[in-house]
Trainee: 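Before I ask anything, let me first share the structure, which is written out below as C-alpha coordinates.
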Amino acid sequence: MNIYLDNAATTKMSQTAIAAMLPYMDGIYGNPSSLHSAGQKANEALTSARERIATLLGCEPREITFTSGGSEADNQAIISAAKLGEEKGKKHIVSTAFEHHAVLHTFEKLKKAGFDITLLDVHENGLITPDQVTDAIRPDTCLVTIMYANNEIGTVQPIAEIGAICRERGVLFHTDAVQAIGHLHINVKEQNIDMLSLSAHKFHGPKGIGVLYARKGIRLTTLIEGGAQERGKRAGTENIPAIMGMVAAMEEACAKIDENAVKLTALRDKLIAGLSEIPHAILNGDEKQRLPGNVSFCFEGIEGESLLLLLDDKGICASSGSACTSGSLDPSHVLLAIGRIHDVAHGSLRLSLSAENTEEEVAYIITAVKEVVEYLRSISPIWRDLVAGKKEFVIK
Ligand SMILES: *Cc1c(COP(=O)(O)O)cnc(C)c1O
(Lines give C-alpha, C1' and ligand atoms only; values in the text may rest on other atoms or scores of the structure.)
Protein backbone atom coordinates (compact mmCIF):
# COMPACT_ATOMS: atom_id res chain seq x y z
CA MET A 1 0.00 0.00 0.00
CA ASN A 2 1.18 3.49 -0.80
CA ILE A 3 -1.48 6.04 -0.08
CA TYR A 4 -0.91 9.78 -0.45
CA LEU A 5 -3.20 11.81 1.78
CA ASP A 6 -1.30 15.06 2.05
CA ASN A 7 -2.73 17.01 -0.88
CA ALA A 8 -3.09 20.16 1.23
CA ALA A 9 0.72 20.22 1.50
CA THR A 10 1.27 19.59 -2.18
CA THR A 11 -0.13 17.51 -5.01
CA LYS A 12 1.22 15.20 -7.68
CA MET A 13 1.41 16.98 -11.03
CA SER A 14 -1.26 15.97 -13.54
CA GLN A 15 -0.13 14.47 -16.85
CA THR A 16 -1.95 17.31 -18.63
CA ALA A 17 0.12 19.88 -16.74
CA ILE A 18 3.39 18.06 -17.44
CA ALA A 19 2.55 17.79 -21.14
CA ALA A 20 1.68 21.49 -21.27
CA MET A 21 5.10 22.43 -19.87
CA LEU A 22 7.35 20.34 -22.11
CA PRO A 23 7.18 22.44 -25.32
CA TYR A 24 8.29 25.50 -23.34
CA MET A 25 11.40 23.77 -22.03
CA ASP A 26 12.47 22.54 -25.41
CA GLY A 27 11.20 24.23 -28.60
CA ILE A 28 9.68 27.46 -27.31
CA TYR A 29 12.30 28.58 -24.82
CA GLY A 30 12.65 32.24 -25.75
CA ASN A 31 12.54 35.10 -23.28
CA PRO A 32 9.14 36.81 -23.65
CA SER A 33 10.85 40.20 -23.41
CA SER A 34 13.03 39.51 -26.47
CA LEU A 35 12.02 41.14 -29.73
CA HIS A 36 12.99 38.25 -32.02
CA SER A 37 10.56 35.57 -33.11
CA ALA A 38 11.65 33.04 -30.43
CA GLY A 39 10.89 35.63 -27.76
CA GLN A 40 7.63 36.61 -29.36
CA LYS A 41 6.42 33.01 -29.41
CA ALA A 42 7.04 32.82 -25.67
CA ASN A 43 5.31 36.16 -25.24
CA GLU A 44 2.24 34.90 -27.09
CA ALA A 45 2.10 31.94 -24.73
CA LEU A 46 2.34 34.27 -21.75
CA THR A 47 -0.46 36.48 -23.09
CA SER A 48 -2.73 33.52 -23.69
CA ALA A 49 -1.95 32.07 -20.25
CA ARG A 50 -2.93 35.34 -18.63
CA GLU A 51 -6.20 35.41 -20.59
CA ARG A 52 -7.04 31.84 -19.67
CA ILE A 53 -6.40 32.43 -15.95
CA ALA A 54 -8.49 35.61 -16.09
CA THR A 55 -11.37 33.69 -17.66
CA LEU A 56 -11.23 31.08 -14.90
CA LEU A 57 -11.29 33.73 -12.16
CA GLY A 58 -13.84 36.01 -13.85
CA CYS A 59 -11.53 39.01 -14.22
CA GLU A 60 -9.44 40.84 -16.84
CA PRO A 61 -6.00 39.62 -18.01
CA ARG A 62 -4.30 42.82 -16.81
CA GLU A 63 -5.52 42.07 -13.30
CA ILE A 64 -3.33 38.93 -13.18
CA THR A 65 0.26 39.05 -11.88
CA PHE A 66 2.37 35.89 -11.92
CA THR A 67 4.32 35.24 -8.72
CA SER A 68 6.55 32.49 -7.34
CA GLY A 69 3.60 30.98 -5.48
CA GLY A 70 1.02 31.52 -2.78
CA SER A 71 3.42 32.95 -0.20
CA GLU A 72 4.69 35.70 -2.49
CA ALA A 73 1.15 36.56 -3.63
CA ASP A 74 0.01 36.87 0.00
CA ASN A 75 3.01 39.05 0.87
CA GLN A 76 2.53 41.31 -2.13
CA ALA A 77 -1.22 41.72 -1.61
CA ILE A 78 -0.87 42.70 2.03
CA ILE A 79 2.17 44.95 1.60
CA SER A 80 0.47 46.72 -1.33
CA ALA A 81 -2.76 47.33 0.58
CA ALA A 82 -0.79 48.53 3.59
CA LYS A 83 1.17 51.00 1.44
CA LEU A 84 -2.03 52.37 -0.11
CA GLY A 85 -3.61 52.64 3.32
CA GLU A 86 -0.61 54.38 4.82
CA GLU A 87 -0.80 57.08 2.13
CA LYS A 88 -4.28 57.91 3.42
CA GLY A 89 -3.33 57.61 7.08
CA LYS A 90 -5.14 54.27 7.41
CA LYS A 91 -3.02 51.75 9.29
CA HIS A 92 -5.47 49.14 10.55
CA ILE A 93 -5.91 45.63 9.13
CA VAL A 94 -8.55 43.00 9.92
CA SER A 95 -7.74 39.30 9.58
CA THR A 96 -8.14 36.04 11.50
CA ALA A 97 -6.03 34.15 14.01
CA PHE A 98 -5.76 31.07 11.80
CA GLU A 99 -4.35 32.47 8.56
CA HIS A 100 -1.38 30.91 6.80
CA HIS A 101 2.03 32.03 8.05
CA ALA A 102 2.63 33.87 4.76
CA VAL A 103 -0.08 36.24 6.00
CA LEU A 104 0.61 36.22 9.75
CA HIS A 105 4.36 36.76 9.40
CA THR A 106 3.79 39.67 7.00
CA PHE A 107 1.75 41.30 9.79
CA GLU A 108 4.77 41.08 12.10
CA LYS A 109 6.66 43.27 9.65
CA LEU A 110 3.77 45.72 9.41
CA LYS A 111 3.37 45.95 13.18
CA LYS A 112 6.94 47.21 13.38
CA ALA A 113 5.91 49.91 10.89
CA GLY A 114 3.12 51.03 13.22
CA PHE A 115 0.18 49.05 11.80
CA ASP A 116 -2.55 47.83 14.11
CA ILE A 117 -3.80 44.33 13.31
CA THR A 118 -7.12 42.92 14.54
CA LEU A 119 -7.16 39.12 14.39
CA LEU A 120 -10.74 37.89 14.60
CA ASP A 121 -11.44 34.97 16.92
CA VAL A 122 -12.37 31.85 15.04
CA HIS A 123 -15.35 29.93 16.42
CA GLU A 124 -14.86 26.36 17.58
CA ASN A 125 -16.32 25.15 14.26
CA GLY A 126 -13.53 26.91 12.37
CA LEU A 127 -15.72 29.66 10.95
CA ILE A 128 -16.00 33.39 11.35
CA THR A 129 -19.21 35.32 10.73
CA PRO A 130 -19.73 38.34 8.45
CA ASP A 131 -20.92 40.26 11.55
CA GLN A 132 -17.49 39.88 13.13
CA VAL A 133 -15.99 41.57 10.08
CA THR A 134 -18.57 44.40 10.15
CA ASP A 135 -17.84 45.01 13.84
CA ALA A 136 -14.06 45.03 13.37
CA ILE A 137 -13.90 47.54 10.50
CA ARG A 138 -12.87 51.03 11.67
CA PRO A 139 -12.54 54.34 9.85
CA ASP A 140 -8.79 53.68 9.59
CA THR A 141 -9.08 50.11 8.25
CA CYS A 142 -7.23 49.72 4.95
CA LEU A 143 -7.52 45.95 4.43
CA VAL A 144 -9.53 42.90 5.38
CA THR A 145 -7.70 39.65 4.56
CA ILE A 146 -9.41 36.35 5.29
CA MET A 147 -8.51 32.97 3.87
CA TYR A 148 -11.03 31.28 1.60
CA ALA A 149 -10.45 27.78 2.98
CA ASN A 150 -8.18 26.81 5.84
CA ASN A 151 -5.22 24.59 4.98
CA GLU A 152 -5.35 22.56 8.19
CA ILE A 153 -9.00 22.11 9.08
CA GLY A 154 -10.54 22.83 5.66
CA THR A 155 -13.28 25.21 6.79
CA VAL A 156 -14.70 27.48 4.08
CA GLN A 157 -15.55 31.07 5.00
CA PRO A 158 -18.54 33.11 3.71
CA ILE A 159 -16.34 34.97 1.24
CA ALA A 160 -19.02 36.65 -0.91
CA GLU A 161 -20.74 38.13 2.17
CA ILE A 162 -17.46 39.39 3.59
CA GLY A 163 -16.59 40.84 0.17
CA ALA A 164 -19.92 42.69 0.05
CA ILE A 165 -19.34 44.20 3.49
CA CYS A 166 -15.86 45.40 2.54
CA ARG A 167 -17.07 46.85 -0.76
CA GLU A 168 -19.84 48.76 1.02
CA ARG A 169 -17.39 50.14 3.58
CA GLY A 170 -14.76 51.01 0.97
CA VAL A 171 -12.14 48.67 2.45
CA LEU A 172 -9.92 46.46 0.27
CA PHE A 173 -10.63 42.74 0.59
CA HIS A 174 -7.95 40.10 -0.03
CA THR A 175 -8.41 36.36 0.26
CA ASP A 176 -5.79 33.61 0.34
CA ALA A 177 -7.61 31.14 -1.92
CA VAL A 178 -4.69 28.71 -2.25
CA GLN A 179 -6.69 25.79 -0.81
CA ALA A 180 -9.91 26.72 -2.59
CA ILE A 181 -8.90 27.15 -6.24
CA GLY A 182 -9.76 24.08 -8.28
CA HIS A 183 -12.00 22.76 -5.49
CA LEU A 184 -14.68 25.46 -5.18
CA HIS A 185 -16.35 27.72 -7.75
CA ILE A 186 -14.79 31.17 -7.54
CA ASN A 187 -15.62 34.36 -9.43
CA VAL A 188 -13.79 37.41 -8.10
CA LYS A 189 -16.25 39.95 -9.54
CA GLU A 190 -19.39 38.21 -8.30
CA GLN A 191 -17.83 37.66 -4.88
CA ASN A 192 -16.51 41.22 -4.48
CA ILE A 193 -12.93 40.05 -4.10
CA ASP A 194 -10.34 42.83 -4.64
CA MET A 195 -7.25 40.65 -4.34
CA LEU A 196 -6.76 36.88 -4.38
CA SER A 197 -3.75 34.56 -4.03
CA LEU A 198 -3.41 31.14 -5.62
CA SER A 199 -0.66 28.55 -5.98
CA ALA A 200 -0.35 25.93 -8.74
CA HIS A 201 1.11 23.08 -6.71
CA LYS A 202 -2.06 22.78 -4.64
CA PHE A 203 -4.12 21.80 -7.70
CA HIS A 204 -1.78 19.37 -9.51
CA GLY A 205 0.32 22.05 -11.16
CA PRO A 206 4.05 22.74 -10.73
CA LYS A 207 5.67 24.13 -7.58
CA GLY A 208 7.07 27.66 -7.42
CA ILE A 209 4.40 29.40 -9.46
CA GLY A 210 1.26 31.28 -8.45
CA VAL A 211 -0.94 34.25 -9.16
CA LEU A 212 -1.92 37.45 -7.45
CA TYR A 213 -5.18 38.81 -8.81
CA ALA A 214 -5.59 42.51 -8.00
CA ARG A 215 -8.59 44.48 -9.22
CA LYS A 216 -7.60 47.19 -11.69
CA GLY A 217 -6.88 50.48 -9.99
CA ILE A 218 -5.16 48.80 -7.05
CA ARG A 219 -1.53 49.81 -7.27
CA LEU A 220 0.72 46.88 -6.38
CA THR A 221 3.96 47.42 -4.52
CA THR A 222 6.98 45.76 -6.14
CA LEU A 223 8.66 43.20 -3.89
CA ILE A 224 11.26 42.08 -6.45
CA GLU A 225 13.14 44.92 -8.10
CA GLY A 226 14.63 44.58 -11.57
CA GLY A 227 13.21 44.52 -15.08
CA ALA A 228 9.81 45.70 -16.22
CA GLN A 229 8.11 42.30 -16.35
CA GLU A 230 4.51 41.99 -15.07
CA ARG A 231 3.80 45.68 -15.78
CA GLY A 232 6.75 46.60 -13.59
CA LYS A 233 5.22 44.95 -10.52
CA ARG A 234 7.29 41.76 -10.39
CA ALA A 235 10.74 41.71 -11.94
CA GLY A 236 12.39 38.57 -13.28
CA THR A 237 12.11 36.55 -16.49
CA GLU A 238 8.73 34.87 -16.48
CA ASN A 239 8.75 31.14 -15.72
CA ILE A 240 6.87 30.23 -18.90
CA PRO A 241 7.00 26.41 -18.50
CA ALA A 242 5.57 26.66 -14.98
CA ILE A 243 2.98 29.22 -16.05
CA MET A 244 1.80 26.94 -18.88
CA GLY A 245 1.66 23.97 -16.50
CA MET A 246 -0.32 26.02 -13.99
CA VAL A 247 -2.88 27.13 -16.57
CA ALA A 248 -3.39 23.59 -17.84
CA ALA A 249 -3.76 22.23 -14.29
CA MET A 250 -6.16 25.01 -13.31
CA GLU A 251 -8.39 24.49 -16.35
CA GLU A 252 -8.44 20.77 -15.69
CA ALA A 253 -9.23 21.16 -11.98
CA CYS A 254 -11.89 23.82 -12.55
CA ALA A 255 -13.62 21.71 -15.23
CA LYS A 256 -13.89 18.84 -12.75
CA ILE A 257 -14.92 20.78 -9.64
CA ASP A 258 -18.43 19.33 -9.40
CA GLU A 259 -17.46 15.79 -10.35
CA ASN A 260 -14.54 15.76 -7.90
CA ALA A 261 -16.59 17.36 -5.13
CA VAL A 262 -19.14 14.53 -5.27
CA LYS A 263 -16.41 11.91 -5.19
CA LEU A 264 -14.26 13.54 -2.51
CA THR A 265 -17.18 14.44 -0.25
CA ALA A 266 -18.29 10.80 -0.21
CA LEU A 267 -14.75 9.61 0.67
CA ARG A 268 -14.32 12.39 3.23
CA ASP A 269 -17.58 11.61 5.00
CA LYS A 270 -16.73 7.88 5.13
CA LEU A 271 -13.39 8.76 6.74
CA ILE A 272 -15.05 11.11 9.21
CA ALA A 273 -17.66 8.48 10.16
CA GLY A 274 -14.99 5.79 10.54
CA LEU A 275 -12.56 7.86 12.61
CA SER A 276 -15.38 9.22 14.78
CA GLU A 277 -15.78 5.65 16.13
CA ILE A 278 -12.43 6.04 17.90
CA PRO A 279 -13.12 6.93 21.55
CA HIS A 280 -12.11 10.42 22.69
CA ALA A 281 -11.66 11.70 19.13
CA ILE A 282 -13.00 14.96 17.76
CA LEU A 283 -13.41 16.33 14.25
CA ASN A 284 -11.77 19.73 13.77
CA GLY A 285 -13.82 22.22 11.79
CA ASP A 286 -17.44 22.31 10.72
CA GLU A 287 -18.84 19.03 9.39
CA LYS A 288 -20.38 20.59 6.27
CA GLN A 289 -18.68 23.96 5.65
CA ARG A 290 -15.40 22.32 4.77
CA LEU A 291 -13.38 21.45 1.69
CA PRO A 292 -14.56 18.27 -0.06
CA GLY A 293 -11.19 16.59 0.55
CA ASN A 294 -10.30 17.67 4.10
CA VAL A 295 -10.45 15.49 7.21
CA SER A 296 -8.90 16.77 10.45
CA PHE A 297 -9.09 15.08 13.84
CA CYS A 298 -7.65 15.35 17.33
CA PHE A 299 -7.19 12.17 19.35
CA GLU A 300 -6.73 12.56 23.07
CA GLY A 301 -3.72 11.00 24.78
CA ILE A 302 -1.41 10.60 21.78
CA GLU A 303 1.37 12.47 20.00
CA GLY A 304 0.61 13.44 16.40
CA GLU A 305 4.25 12.93 15.37
CA SER A 306 4.28 9.28 16.51
CA LEU A 307 0.95 8.72 14.78
CA LEU A 308 2.39 10.01 11.50
CA LEU A 309 5.51 7.87 11.70
CA LEU A 310 3.55 4.70 12.41
CA LEU A 311 1.07 5.50 9.62
CA ASP A 312 4.01 6.03 7.28
CA ASP A 313 5.18 2.50 8.19
CA LYS A 314 1.79 1.31 6.97
CA GLY A 315 2.23 3.17 3.67
CA ILE A 316 0.08 6.18 4.52
CA CYS A 317 1.43 9.72 3.93
CA ALA A 318 -0.53 12.04 6.20
CA SER A 319 0.13 15.22 8.15
CA SER A 320 -0.49 16.54 11.63
CA GLY A 321 -1.50 19.91 10.26
CA SER A 322 0.56 22.32 8.31
CA ALA A 323 3.72 21.21 6.51
CA CYS A 324 5.22 24.59 7.37
CA THR A 325 5.21 23.90 11.12
CA SER A 326 6.17 20.23 10.98
CA GLY A 327 9.38 19.66 12.84
CA SER A 328 8.53 22.33 15.38
CA LEU A 329 7.25 21.33 18.81
CA ASP A 330 4.72 24.15 19.00
CA PRO A 331 1.17 22.99 18.49
CA SER A 332 -0.66 24.28 15.44
CA HIS A 333 -1.80 27.90 15.72
CA VAL A 334 -4.90 26.87 13.77
CA LEU A 335 -5.96 24.28 16.33
CA LEU A 336 -5.20 26.68 19.19
CA ALA A 337 -7.31 29.32 17.39
CA ILE A 338 -10.38 27.06 17.41
CA GLY A 339 -9.89 26.47 21.11
CA ARG A 340 -8.11 23.13 21.30
CA ILE A 341 -5.83 23.10 24.35
CA HIS A 342 -2.11 22.28 23.84
CA ASP A 343 -2.31 18.60 24.87
CA VAL A 344 -5.21 17.93 22.55
CA ALA A 345 -3.77 19.96 19.66
CA HIS A 346 -0.65 17.78 19.80
CA GLY A 347 -2.70 14.70 18.92
CA SER A 348 -3.83 15.96 15.52
CA LEU A 349 -4.13 14.25 12.17
CA ARG A 350 -4.92 15.85 8.80
CA LEU A 351 -5.89 13.71 5.83
CA SER A 352 -6.27 15.67 2.58
CA LEU A 353 -7.66 13.68 -0.33
CA SER A 354 -7.34 13.92 -4.09
CA ALA A 355 -9.54 12.41 -6.78
CA GLU A 356 -7.01 9.59 -7.10
CA ASN A 357 -7.90 8.17 -3.67
CA THR A 358 -10.30 5.22 -3.57
CA GLU A 359 -12.90 3.61 -1.31
CA GLU A 360 -10.55 0.68 -0.66
CA GLU A 361 -7.89 3.10 0.53
CA VAL A 362 -10.37 4.79 2.84
CA ALA A 363 -11.30 1.47 4.43
CA TYR A 364 -7.61 0.62 4.88
CA ILE A 365 -6.87 4.03 6.42
CA ILE A 366 -9.69 3.80 8.95
CA THR A 367 -8.43 0.41 10.15
CA ALA A 368 -4.82 1.62 10.22
CA VAL A 369 -5.59 4.78 12.21
CA LYS A 370 -7.70 2.83 14.69
CA GLU A 371 -4.89 0.32 15.25
CA VAL A 372 -2.17 2.94 15.59
CA VAL A 373 -4.16 5.16 17.97
CA GLU A 374 -4.98 2.13 20.12
CA TYR A 375 -1.32 1.06 20.17
CA LEU A 376 -0.02 4.55 21.04
CA ARG A 377 -2.54 4.86 23.84
CA SER A 378 -1.51 1.46 25.22
CA ILE A 379 2.03 2.77 25.76
CA SER A 380 1.11 6.33 26.81
CA PRO A 381 1.47 7.35 30.49
CA ILE A 382 -0.96 10.23 29.87
CA TRP A 383 -3.58 7.80 28.60
CA ARG A 384 -3.05 5.59 31.68
CA ASP A 385 -3.73 8.59 33.92
CA LEU A 386 -6.81 9.52 31.93
CA VAL A 387 -8.25 6.01 32.12
CA ALA A 388 -7.40 5.78 35.84
CA GLY A 389 -9.29 9.02 36.42
CA LYS A 390 -6.16 10.87 37.63
CA LYS A 391 -6.66 13.32 34.78
CA GLU A 392 -9.88 14.41 33.17
CA PHE A 393 -10.66 13.78 29.53
CA VAL A 394 -10.97 16.96 27.47
CA ILE A 395 -12.56 15.18 24.51
CA LYS A 396 -15.59 13.31 25.85
C1 LIG B 1 0.35 26.26 0.51
C2 LIG B 1 -0.31 27.50 0.98
C3 LIG B 1 0.31 28.75 0.85
C4 LIG B 1 1.71 28.90 0.29
O5 LIG B 1 1.78 28.65 -1.09
P6 LIG B 1 3.23 28.38 -1.74
O7 LIG B 1 2.96 28.33 -3.20
O8 LIG B 1 3.69 27.06 -1.20
O9 LIG B 1 4.09 29.52 -1.36
C10 LIG B 1 -0.37 29.86 1.27
N11 LIG B 1 -1.60 29.77 1.80
C12 LIG B 1 -2.23 28.59 1.94
C13 LIG B 1 -3.60 28.55 2.53
C14 LIG B 1 -1.60 27.41 1.56
O15 LIG B 1 -2.22 26.25 1.72
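Quick caveat, the model's predicted, so the values are computed rather than measured. Numbering of ligands and ligand atoms starts at 1, following listing order.
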Trainee: Can you tell me how far apart CD1 (I243) and CZ (R52) are? Round to the nearest 0.5 Å.
Mentor: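 Here the rounded value is 11.5 Å.
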Trainee: Under 4.0 Å from a heavy atom of K202: which atoms of ligand 1 are those, numbered in the order shown and with their elements?
Mentor: 1 (C), 2 (C), 3 (C), 14 (C), 15 (O)
Trainee: Does the pair E108/K111 count as a salt bridge with the N-to-O cut at 4.0 Å?
Mentor: yes
Trainee: Is the shortest N/O to N/O distance between S68 and ligand 1 below 3.5 Å?
Mentor: no
Trainee: Please work out, at 4.0 Å between heavy atoms, whether the side chain, the backbone, both, or neither of M147 comes within that distance of ligand 1.
Mentor: side chain
Trainee: Within a distance under 4.0 Å of any heavy atom of H100, pick out the atoms of ligand 1 and give their elements.
Mentor: 2 (C), 3 (C), 4 (C), 10 (C), 11 (N), 12 (C), 14 (C)
Trainee: Nearest 0.5 angstrom please: I224 CD1 to E230 CD, how far?
Mentor: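 The CD atom of E230 is 12.0 Å from CD1 of I224, to the nearest 0.5 Å.
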Trainee: To the nearest 0.5 angstrom, please state how far the NE2 atom of H204 sits from the OG1 atom of T10.
Mentor: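 Nearest 0.5 Å value for the NE2-OG1 distance: 9.5 Å.
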Trainee: Could you find the nearest protein heavy atom to atom 7 (O) of ligand 1 and give me its residue, atom name and distance?
Mentor: S199 OG, 2.6 Å
Trainee: When you measure from atom 13 (C) of ligand 1 to each heavy atom in T175, D176, V103, which option holds the nearest one?
Mentor: D176
Trainee: Is Q179 close to ligand 1, meaning an N/O of one under 3.5 Å from an N/O of the other?
Mentor: yes
Trainee: Treating Ile, Leu, Val, Met, Phe, Trp and Tyr as nodes and any side-chain heavy-atom pair under 4.5 angstrom as an edge, say whether I366 and L353 lie in one connected cluster.
Mentor: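 In one cluster with I366: L353, yes.
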Trainee: How many angstroms lie between atom CD1 of I240 and atom OH of Y29, to the nearest 0.5 angstrom?
Mentor: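 Interatomic distance, I240 CD1 to Y29 OH, rounded to 0.5 Å: 14.5 Å.
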Trainee: Could you tell me the residue and atom name of the protein heavy atom closest to atom 6 (P) of ligand 1, and the distance to it rounded to 0.1 Å?
Mentor: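 For this ligand atom, the closest protein heavy atom is G70 N, 3.5 Å.
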Trainee: Please identify which atoms of ligand 1 are closer than 4.0 Å to at least one heavy atom of G69.
Mentor: 7 (O)
Trainee: Tell me, which protein residue and heavy-atom name are nearest atom 8 (O) of ligand 1, and how many Å apart are they?
Mentor: H201 NE2, 2.9 Å
Trainee: Looking at E300 and K391, does any basic side-chain N land under 4.0 Å from a carboxylate oxygen?
Mentor: no
Trainee: Quick check: does A102 get an N/O under 3.5 Å from an N/O on ligand 1?
Mentor: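 N/O-N/O distance under 3.5 Å: no.
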Trainee: Note the single closest protein heavy atom to atom 9 (O) of ligand 1, along with its residue, its atom name and the distance in Å.
Mentor: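 Closest protein heavy atom to atom 9 (O) of ligand 1: S71 OG, 2.7 Å.
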Trainee: Tell me whether R219 is salt-bridged to E87, with the criterion being a basic N under 4.0 Å from an acidic carboxylate O.
Mentor: yes
